[in-house]
Structures are given as structure tokens and as C-alpha cells.
Amino acid sequence: MAVEIQIKEDTVRAYLSGELDHHSAVGIREKIDESVMQSKPQQLILDFAMVTFMDSSGIGLVMGRFRLMQEMGGKVILQNLPAPIRKVMKLAGLDKLAEFL
Amino acid sequence: MKASNTMRLCFDSRSANESFARTAVAAFLCGLDPTVEELTDVKTAVSEAVTNCIVHGYREKIDKVYITANIYSDNRIVIKIKDKGCGIADVKKAMEPLFTTAPEEERAGLGFAVMESLMDKVKVFSQPGKGTTVTLEKQIVSKGEDYVHNSRS
Ligand SMILES: Nc1ncnc2c1ncn2[C@@H]1O[C@H](COP(=O)(O)OP(=O)(O)OP(=O)(O)O)[C@@H](O)[C@H]1O
Ligand SMILES: [Mg+2]
């Protein structure tokens with residue numbers, strides 16, 4: 001699992017790729033939070049286009065980032081969700097917390 | 001009913017093995033010619049159960065996780081995922097959506113809910129201090145026509 005981060009104006013974009021599980025979630029979380037804490041963006045965009053697998057560890061990751069952004073008065077946008085990942089996100093009710101693009 | 005194909009796995013409770021475990025079960029399941037969606041459902045459910053053994057059962061200490069999988073001739077797969085860890089005192093409560101004993105690790109408490117929504121049956125047997133066995137069952141419907149045909153004859 002890898003993450004590529006782009007910071008532009010008030011937006012942090014995190015492009016995730018590979019398998020998002022308990023094993024990989026911690027490293028990804030640290031990288032995203034480092035950028036968010038540094039640049040205090042208005043929105044955090046998580047891009048799942050290249051994510052090939054996700055379980056509830058990914059739900060935890062999104063919920064945690066949602067809380068972090070909420071504390072700073074910003075929002076989380078989930079982008080390019082492959083169908084199986086959208087299925088797990090919806091099951092968790094994340095479509096009510098974050099915006100889907 | 002007698003299983004038409006069986007397999008067993010035993011591996012260290014290292015988080016790096018979560019990917020190995022779900023991929024191995026998926027490869028075994030391929031004998032049933034599942035759809036991509038069915039394969040992903042099983043992989044995700046197995047990943048939930050195995051992660052629970054590692055995170056909760058053994059609390060990240062290294063021990064053994066055991067998996068057995070049986071395929072039955074009516075296109076059913078039954079997977080048992082077992083640890084000899086701390087066990088669950090109140091299984092009913094543990095299976096409630098959003099219940100977690102590890103919120104500080106950003107666990108959502110949705111592992112069992114995910115398993116239940118992706119599989120046909122989820123059974124949990126647990127004894128505090130002795131360990132936990134999760135049994136996952138799913139009918140693979142991609143060969144549904146064969147199945148209807150067989151059950152008629
Ligand atoms: N193998 C196990 N051994 C001991 N306790 C377990 C085991 N599996 C589950 N539990 C208990 O059941 C609770 C709920 O499990 P569930 O998988 O639904 O959520 P979680 O693991 O806490 O969070 P998530 O799976 O969303 O990351 C756990 O928090 C834990 O207390
Ligand atoms: Mg879990």
C-alpha cells in the first residue's frame with residue numbers, strides 16, 4: 001500500500017494505492033495526518049482509484065480522518081471508489097459522513 | 001454432507017499475514033468458479049476475522065491463527081478461522097455494529113457487521129481465556145444453474 005500526497009491551496013489530496021488493511025493502515029494514516037497537520041486544509045480528498053482491496057480497517061481510517069478534519073472545521077471527500085470499496089463504505093454509513101465524488 | 005474439497009492453514013499472527021490468509025482462501029475458492037464479487041466478499045470477510053485474531057485475540061503478540069475451509073458439492077464454502085487467544089466474554093454484544101474494545105486504534109467496530117453482510121452465515125464460538133472460532137459460510141451462486149439442476153435430480 002502506498003499514498004501519494006499533493007497539497008494545493010486549501011486542499012490535501014491523498015492518492016491511495018494497493019491493499020488497505022490493518023497491516024497497511026497505520027503507515028498511511030501517519031503520512032496523511034502529517035500533511036493535514038502541517039497545512040491545515042479546508043478539505044481532504046481521499047482518492048481510492050488504485051485501491052485493490054479494503055476491509056473495516058479502511059472504514060476506521062476514513063472515520064478517523066473525518067474526525068480530524070471536523071475538529072479543524074474542514075471536510076473529507078471520498079473520490080473514485082471502485083464498486084467493492086463503495087459497497088463496504090456504504091455498509092458503514094460513511095456516505096452520511098463524507099462526500100462521495 | 002461430506003466436503004468435496006478441504007484445506008487447512010496455520011500461520012503466525014503477524015499483520016503481514018492478513019494478506020496471505022485472505023489470498024490463500026480466495027485461491028482455494030477459485031475451484032468453485034466464483035464471480036469477482038463473490039471472491040471479493042469472501043476475501044473481505046476472511047480479512048476481518050483474521051485481523052480480529054491478531055488485534056484482539058492475541059493483542060498483537062505472536063501466536064498461531066488456524067484456518068480450515070471446506071467446499072461442499074452444493075457450491076457452498078465453509079471457512080473456520082480460529083485463535084487460542086483471550087476469547088470474548090459477551091459475543092452478542094461484540095457483534096453489535098460499532099461496538100469495539102479498541103477505539104484508540106481507530107477500529108470502527110464494524111468487522112462483524114461487514115462479515116454478516118458479505119456472507120450468508122456467520123457463527124461465533126468463544127470461551128474467555130481459551131479463544132475464538134468464527135465460522136463463515138457462503139453459497140457460490142455463479143454455478144446456480146448447475147445447483148438447481150443437481151438438486152432436482
Ligand atoms: N478473535 C477475537 N478475540 C477476542 N475478541 C474479539 C475477537 N474478535 C472480535 N473480538 C471483540 O469483538 C469486538 C468487535 O469486533 P469487530 O471486528 O466487529 O470490531 P473491531 O475489530 O473492534 O473494529 P473493526 O473490525 O471495525 O476494525 C472487538 O472490538 C473485540 O472486543
Ligand atoms: Mg475487527
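Everything numeric here is computed off the predicted structure, so don't read it as measured data. All values below were derived from every heavy atom in this structure, side-chain atoms included, with hydrogens, water molecules and symmetry-related copies excluded. Chain letters run A, B, ... following the sequence lines, proteins first and then strands; every chain starts at 1.
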Do other residues, nucleotides or ligands put more than 12 heavy atoms under 6.0 Å from the NZ atom of A:Lys40?
-> yes
Do A:Leu46 and A:Ile77 share a hydrophobic cluster, counting only Ile, Leu, Val, Met, Phe, Trp and Tyr and linking them when any side-chain heavy atoms are less than 4.5 Å apart?
-> no
Do A:Met89 and A:Leu44 belong to the same hydrophobic cluster, where Ile, Leu, Val, Met, Phe, Trp and Tyr are linked whenever their side-chain heavy atoms lie under 4.5 Å apart, directly or via other members?
-> yes
Segment of B:Asp41 engaging chain A (4.5 angstrom heavy-atom cut-off) | side chain
For the side chain of A:Glu19 and the backbone of B:Ser19, is there at least one donor-acceptor N/O pair under 3.5 Å apart?
-> no
A:Lys87 atom NZ, over 12 foreign heavy atoms within 6.0 Å = yes
Sort B:Val36 into side chain, backbone, both or neither according to what part of it lies under 4.5 angstrom from a heavy atom of chain A.
-> neither
Closest non-hydrogen atoms of A:Ser56 and B:Ala108, given as atom of the first, atom of the second and distance, are O-CB, 4.5 Å
Does B:Val114 reach the side chain of A:Leu91, with side-chain heavy atoms less than 4.5 Å apart?
-> yes
Heavy-atom contact with chain A under 4.5 Å, split by part of B:Arg22 = side chain
Please report the closest heavy-atom contact between B:Glu18 and A:His23, naming both atoms and the distance.
-> OE1-N, 3.1 Å
Between A:Leu78 and A:Leu68, is there a shared hydrophobic cluster once you connect ILVMFWY residues whose side-chain heavy atoms come closer than 4.5 Å?
-> yes
Sort out for me which of B:Pro103, B:Ala113, B:Ser47 touches chain A most, counting heavy-atom pairs under 4.5 Å.
-> B:Ser47
CG/A:Asp21 to OG1/B:Thr44 distance, rounded to the nearest 0.5 angstrom?
-> 10.5 Å
Minimum heavy-atom distance between B:Glu106 and A:Gly64, given as atom pair plus value | OE2-CA, 3.4 Å
Which answer fits B:Glu60, side chain, backbone, both or neither, if we ask what part of it has an atom under 4.5 Å from a heavy atom of chain A?
-> side chain
In the single-linkage hydrophobic clustering (I, L, V, M, F, W, Y; side-chain heavy atoms under 4.5 Å), do B:Leu110 and B:Val55 co-cluster?
-> no
Going only through I, L, V, M, F, W and Y residues with side-chain contacts under 4.5 Å, is there a path from A:Ile5 to A:Val76?
-> yes
Below 4.5 Å, heavy atoms only, C-beta onward: do B:Val50 and A:His22 meet side chain to side chain?
-> no
Crowding at CE, A:Met72 (>12 non-hydrogen neighbours, <6.0 Å) = yes
